[in-house]
Protein chains: 2
Amino acid sequence: MTINENKRPRGRPRGFALGAAVEAGQHLFHEHGYENVSVAALTEAIGITPPSFYAAFGSKAAFFKETLRLYSATVVPLDRFLTPGAAPMAALGDMLRAAAHAYTTSPQRRGCLILEHAKAGTTDWGIAAKQIAGENRSRVAQFLDDAEIKASGRVADYVATTMLGLSAAAREGWDQPRLLAVADTAAEALLCRSALEE
Amino acid sequence: MTINENKRPRGRPRGFALGAAVEAGQHLFHEHGYENVSVAALTEAIGITPPSFYAAFGSKAAFFKETLRLYSATVVPLDRFLTPGAAPMAALGDMLRAAAHAYTTSPQRRGCLILEHAKAGTTDWGIAAKQIAGENRSRVAQFLDDAEIKASGRVADYVATTMLGLSAAAREGWDQPRLLAVADTAAEALLCRSALEE
DNA sequence: TATTTTCGTTAATGGTCATTACACAACCGC
DNA sequence: GCGGTTGTGTAATGACCATTAACGAAAATA
């Protein structure tokens with residue numbers, strides 16, 4: 001809850017909606033990548049000028065972290081798939097298929113905003129993305145541990161790598177059926193593996 | 001054979017070796033990415049000044065394509081694994097393991113130079129990387145077709161996505177055992193799948 | 001209405017970038 | 001030696017970038 005819109009400060013009220021601004025920025029960052037989106041492009045998309053932008057968000061990097069928060073809260077909610085009761089491998093397969101679907105629904109904004117920014121070396125915005133990606137990976141491992149799956153870390157790494165691959169393939173322009181077929185193949189592999197281990 | 005070093009042109013001879021320059025540039029591009037390597041950094045690493053660079057290579061993008069050619073010719077030679085006689089799925093598994101190994105051998109230069117540059121939208125250097133990646137993918141599909149594997153395209157896409165994921169995970173900093181375990185898991189999945197289809 | 005507080009706009013600041021005139025230096029055939 | 005040809009170094013060019021003073025405008029409280 002870093003953005004608070006329901007207060008009533010004393011001076012002149014802001015002339016634009018914070019939420020809509022973050023959403024517009026999220027779309028731009030997702031389509032072109034952090035480094036290829038200039039502050040001028042952001043302010044033009046929002047409909048304001050640079051000083052308003054800096055007064056509201058502090059910096060381009062801070063604004064980007066805001067868009068990361070919005071993205072991880074709205075797109076691909078992991079908890080929808082990692083419900084404690086479900087069959088573990090089937091749940092992971094559904095998650096992969098959902099990712100393949102989400103990564104290709106918008107012709108712009110392909111792939112995963114978080115994963116595609118989790119490689120930038122030591123920039124603070126890259127670290128922020130890397131941290132969210134790591135948290136989600138831990139959640140998958142914890143889910144597998146709770147389901148008493150052997151080698152939970154290994155399976156979690158396999159799923160994480162597959163999602164990285166799906167995101168990268170989506171950014172390369174693969175269409176939705178193609179990506180869904182890959183997700184299906186990986187999902188079958190998970191079931192096949194769990195069958196062998198029993 | 002775009003670079004010819006054994007001629008004897010008329011004017012003043014070049015004061016540096018083209019091959020060494022391309023190799024130095026390949027290392028820089030691999031470590032930091034095309035956009036994060038300035039011409040100043042390139043010329044300093046080579047030991048020359050910008051005019052010499054432009055006289056020899058024409059532009060930063062053209063020089064990058066040269067490094068791509070060198071990379072695809074030296075690292076990960078596909079034909080070593082896609083030999084017509086071998087067991088197809090085992091060969092693909094070996095290829096994945098070799099990729100996991102190659103992507104993590106140098107602490108700098110993680111991942112695949114080609115795959116990591118095959119996402120940039122419509123820049124000419126991104127298109128060049130995308131084209132090489134596509135050619136290699138076609139070679140895998142052809143290999144599977146020749147081995148009379150059902151759904152060769154689907155399997156080739158799965159392998160390509162896995163390599164994309166391995167490259168991205170390597171860039172995120174995963175260590176070699178972790179990446180090799182993922183490659184093993186994917187390799188087992190390929191064998192498991194082919195066993196089911198019979 | 002007077003005061004306060006915050007907003008928005010214009011226009012700059014300092015930085016980095018890829019690329020290139022220009023002048024000089026080194027090699028060829030003669 | 002000499003003219004033609006080509007590489008190299010110094011120093012600039014123009015473009016774009018993130019960020020910020022300075023100032024006028026608008027709204028809320030009193």
Side-chain angles (χ1 to χ4, degrees), chain A residues 3-22 24-25 28-29 31-67 117 120-126 128, chain B residues 3-22 24-25 28-29 31-67 117 120-126 128:
Chain A
I3 290 187
N4 217 332
E5 268 181 282
N6 43 11
K7 274 187 193 166
R8 271 287 192 106
R10 296 236 313 166
R12 170 179 174 175
R14 191 177 286 109
F16 63 98
L18 286 181
V22 173
L28 278 183
F29 284 136
E31 178 168 3
H32 302 108
Y34 179 87
E35 313 217 53
N36 299 316
V37 177
S38 67
V39 174
L42 288 171
T43 54
E44 186 185 350
I46 301 174
I48 58 178
T49 50
S52 301
F53 177 85
Y54 281 90
F57 302 108
S59 73
K60 183 186 171 186
F63 178 70
F64 174 70
K65 294 182 195 170
E66 216 64 57
T67 68
H117 286 90
T122 53
T123 64
D124 56 346
W125 50 273
Chain B
I3 289 187
N4 217 333
E5 266 180 284
N6 44 9
K7 274 187 194 166
R8 272 278 191 109
R10 298 229 309 171
R12 171 177 176 175
R14 193 176 285 111
F16 63 98
L18 287 181
V22 173
L28 277 183
F29 284 136
E31 177 168 2
H32 303 108
Y34 179 87
E35 314 219 49
N36 298 317
V37 177
S38 68
V39 173
L42 288 171
T43 55
E44 186 185 351
I46 300 173
I48 59 176
T49 50
S52 301
F53 177 84
Y54 280 91
F57 303 108
S59 73
K60 181 185 172 187
F63 178 70
F64 174 70
K65 294 181 195 169
E66 217 63 58
T67 68
H117 286 91
T122 53
T123 64
D124 56 346
W125 51 274

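This structure is a prediction, so every number in the text was calculated from the model and none was measured. Numbered from 1 within each chain, the chains take letters A, B, ... in sequence-line order.
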Asks: Expressed as a whole number of angstroms, how long is the span from I48(B):CD1 to dT8(D):P?
Replies: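 Value for this atom pair: 7 Å.
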
Asks: Could you tell me how the ring of W125(A) sits relative to the ring of F64(A): parallel (under 30°), tilted (30 to 60°) or perpendicular (over 60°)?
Replies: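 Rings of W125(A) and F64(A): perpendicular, over 60°.
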
Asks: Does R12(B) place a side-chain N or O at less than 4.0 Å from the phosphate oxygens OP1/OP2 of dA25(C)?
Replies: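 It does not, given that no N or O in the side chain of R12(B) lies less than 4.0 Å from OP1 or OP2 of dA25(C).
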
Asks: For S59(A) and Y54(A), which heavy atoms make the closest approach, and how far apart are they?
Replies: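 Smallest interatomic distance, heavy atoms only, reads CA-CE2, 3.8 Å.
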
Asks: Give the rounded distance in Å between these two atoms: CZ of F16(B) and C1' of dT6(D).
Replies: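 The answer, rounded to whole Å, is 13 Å.
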
Asks: Starting at atom CD of E44(A), determine the distance to atom C1' of dT9(C), rounded to an integer number of angstrom.
Replies: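 Taking CD of E44(A) and C1' of dT9(C), I get 15 Å after rounding.
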
Asks: If you look at every heavy atom in A41(A) and L28(A), which pair is closest and at what distance?
Replies: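 Closest approach of A41(A) to L28(A), heavy atoms only: O-CD1, 3.8 Å.
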
Asks: Determine yes or no for a side-chain-to-main-chain donor-acceptor pair under 3.5 angstrom, with Y34(A) supplying the side chain and G126(A) the backbone.
Replies: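 Not at all, since once roles are kept as given, no pair shorter than 3.5 Å links the two residues.
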
Asks: Counting primed atoms plus P, OP1 and OP2 as sugar-phosphate and everything else as base, spell out the protein contacts along nucleotides 11-22 of chain D at 4.0 Å heavy-atom distance: B, S or - for each nucleotide, 5' to 3'.
Replies: ------SSBBB-

Asks: Roughly how many Å is it from CZ in F57(B) to C1' in dT20(C), rounded to a whole number?
Replies: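 Rounded to whole Å, this separation is 18 Å.
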
Asks: Under 4.0 Å between a side-chain N/O of T49(A) and OP1 or OP2 of dG8(C), yes or no?
Replies: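 Negative; the distance criterion is not met.
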
Asks: To check you understand the geometry: which heavy-atom pair defines the closest contact between T67(B) and G25(B), and what is its length?
Replies: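 Closest heavy-atom pair between T67(B) and G25(B): CG2-C, 4.0 Å.
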
Asks: Once you round to the nearest 0.5 Å, how far does OG1 of T123(A) lie from CD of E35(A)?
Replies: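 With rounding to 0.5 Å, OG1 (T123(A)) is 7.0 Å from CD (E35(A)).
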
